[in-house]
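Here the structure comes first, spelled out in structure tokens, and everything after it is commentary.
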Number of protein chains: 2
Amino acid sequence: MTSERSSRKGGRSRDPRGERGIPEATVARLPVYLRALTSLSDSDVSTASSEDLATAAGVNSAKLRKDLSYLGTYGTRGVGYDVNYLRYQIAREIGLTQDWSVVIIGIGNLGHALANYSGFASRGFQVTALLDSDSARVGEAVGGLKISSLDDLDAIVQDNTVAIAVIATPAEAAQEVCDRLVAAGVSSILNFAPAVLSVPGHVDVRKVDLSIELQILAYHEQRKAQGVLADLDELEAGAI
Amino acid sequence: MTSERSSRKGGRSRDPRGERGIPEATVARLPVYLRALTSLSDSDVSTASSEDLATAAGVNSAKLRKDLSYLGTYGTRGVGYDVNYLRYQIAREIGLTQDWSVVIIGIGNLGHALANYSGFASRGFQVTALLDSDSARVGEAVGGLKISSLDDLDAIVQDNTVAIAVIATPAEAAQEVCDRLVAAGVSSILNFAPAVLSVPGHVDVRKVDLSIELQILAYHEQRKAQGVLADLDELEAGAI
DNA sequence: ACGATTTTGTTCTCGCGTTCACAAACTCTT
DNA sequence: AAGAGTTTGTGAACGCGAGAACAAAATCGT
């Protein structure tokens, strides 16, 4: 997994309330299922088996069935799942039946790209503000929005009832921006800055770190290369 | 974790060779430790305890010690770890003592941002080519590099011994681009396109998906809000 | 020199997540 | 109507990862 939850340790068993809690690993896959269902729906497929869905989502069918069983019993034995019905149920479970207001902090290279990314709006996430600490950039228009000053954070968060923020600042600024976000009432943060953020327990942080991903790939790549060398050694040693 | 390995199922226990295999969860944290060590080194700290390191990396100290123990015994009891020595050892283990050539495919908003991102080069990842299928963009300069045509992929990969590629195309194009990359000999792929890629077993794919991350945050956010409502209900019902 | 203190490396235990395998439930054919 | 064929939902087994806890090893103070 690329990202980590920094708060909320427990899975469903530690839930103080008795209500259905969905395992974290399952939650992380629901959006993938949703995408697969949307794709099938666009292809006018009205019913799909767990095997079909699993293939489309790139997972094993038993896992998919167990994941879906946490939401309820939405399938029909001997038939499969109604694509549109299941799609709605997952969307509702994730919370995509309502719109979410998102602000992006730090409009550098990455912030720019995120502001122009169309994939957000299509899923019910609306970027309502772009903030930057550089006063020279305030007022500049990016992706149909004007950049606001970081000083207006509190007002912006309150006016738009923002719960989710995206940090795309340099690493040095990330913790301070994070603190201000939390103070303003934001309780979910997507962090692109290569920095460890410390937040109060009620705030969720997810991290996306490009250079970490590359390093993980490099590790395995190096390992493959070593394996080849070792195989050659064995070959020379006449072991095979 | 946000991303998934699509190939290579086993952890260290299934390793056919008897050599030390590092658990996947540990591999994913090594880059974080590396960053923490670099930061300490920049602050002229020469020695650090597991507690210090763990705090800087945002993990628990027992976990950190166990992770490091997979690499070897690089600490000194009663003292701690030599920052620069440990840093070198982790870098070597990950494979950062060599340079990695990386190509980026799909120079849209995101590809643009990635091409300009300075965080790659600083960690030994050198972007050697930018590719796009849109012939109108070929030749355009981005971040000091000229965009090449996708048709030149094979030659570029071979000339630069590229093992790692970044896919930043729209979802529709991702699988085809992926197939061509694999055919050209690339065996590690970082995928930003919101699509499930299918690859042969020897190829590693890691996925970074912004909209999935937001959806996971939305789920928890919704859950927090429901919890508040439930608490209010209990209050009204006189349960407290 | 030796006990007190610090801190690592490792063992052990527990819980989560994955997968197998099968009974239950539904459809279809005859 | 009944048996054959499908496909879901779930119980059970298993392996990996997290964290507590402790023994081993180093330093420090006297």
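No experiment lies behind these values; they were computed from the predicted model shown. Naming convention: chains lettered A, B, ... in sequence-line order (proteins, then strands); numbering from 1 in each chain.
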Check your understanding: Roughly how far apart are Asp204(B) CG and Ser188(B) OG, rounded to 0.5 Å?
Key -> 5.0 Å

Practice item. Write down the distance between CG (Leu64(B)) and C1' (dT7(C)), rounded to a whole number of angstrom. Key: 13 Å

Point to revise | Nearest atoms (heavy-atom pairs only) where Asn60(B) meets Ala54(B) | key: C-CB, 3.8 Å

Check your understanding: Ser101(A) and side chain to side chain contact (heavy atoms under 4.5 Å, CB included): which partner among Val162(A), Val157(A), Ile164(A)?
Key -> Val162(A)

Point to revise | Contact nearer the 5' end of DNA chain D, comparing Val79(B) with Asn60(B) | key: Asn60(B)

Review point. Is a donor-acceptor contact shorter than 3.5 angstrom present between the side chain of Arg77(B) and the base of dT8(C)?
Key: yes

Check your understanding: Under a 4.0 Å N-O cut-off, is there an ion pair linking Asp209(B) with Arg35(A)?
Key -> yes

**Study point:** Heavy-atom neighbours of Gln126(B) CD exceed 12 at 6.0 Å
**Key:** no

Exercise for review: Kindly say if Tyr81(B) contacts the phosphate of dA26(D), meaning a side-chain N or O under 4.0 Å from OP1 or OP2.
Suggested key: no

Revision key, fill the gap. Comparing Gly78(A) with Thr76(B), nearest DNA chain C nucleotide closer to 5' gives the residue Thr76(B)

**Study point:** Whole angstrom value for the distance that separates P of dC16(C) from OH of Tyr70(A)
**Key:** 10 Å

Review point. From the list dG9(D), dG17(D), dG9(C), which nucleotide is the closest neighbour of the side chain of Ser69(A)?
Key: dG9(D)

Review point. What integer distance in Å separates Leu71(B):CG from dG9(C):P?
Key: 10 Å

Point to revise | Nearest-angstrom distance from the residue atom CG of Leu68(B) to P of dG9(C) | key: 8 Å

Practice item. Could you pick out which residue, Ala62(B) or Thr26(B), lies toward the 5' side of DNA chain D when each is mapped onto its nearest nucleotide? Key: Thr26(B)

Check your understanding: Tell me: CG of Asp67(A) to P of dT10(D), nearest whole Å?
Key -> 13 Å

Review point. Does Arg65(B) make a side-chain N or O approach to OP1 or OP2 of dA24(D) shorter than 4.0 Å?
Key: no

**Study point:** Flag if over 12 foreign heavy atoms under 6.0 Å of CD, Gln98(B)
**Key:** yes

Identify all pairs in which a protein N or O lies below 3.5 Å from an N or O of nucleotides 12-14 of chain D, and state each distance.
residue: dA12(D); atom: N6; partner: Lys66(A); partner atom: NZ; Å: 3.0

Study note, to complete from the structure: Numerically ordered, the residues 45-54 of chain A set in heavy-atom contact under 4.0 Å with DNA chain D is Ser49(A), Ser50(A)

Review point. How about Asp42(B) and Ser39(B): does a side-chain donor come under 3.5 Å of a side-chain acceptor?
Key: no

Review point. Ser211(A) and Gln215(A): side-chain donor and acceptor closer than 3.5 Å?
Key: yes

Review point. When the distance from OH of Tyr74(B) to C1' of dT10(C) is rounded to whole Å, what number comes out?
Key: 17 Å

Review point. Shortest non-hydrogen contact from Trp100(A) to Gln222(B)?
Key: CH2-N, 3.8 Å

Check your understanding: For Arg29(A) and dG17(C), what is the distance between atoms CZ and C1' respectively, to the nearest whole Å?
Key -> 8 Å

**Study point:** Length of the line joining Ile22(A):CD1 and dG17(C):P, which is rounded to integer Å
**Key:** 12 Å

Check your understanding: Are a donor atom and an acceptor atom from the side chains of Tyr219(B) and Arg223(B) found within less than 3.5 Å of each other?
Key -> yes

Study note, to complete from the structure: With the side chain defined as heavy atoms from C-beta on, Thr73(B) is closest, among dA18(D), dG9(C), dG9(D), to dG9(C)

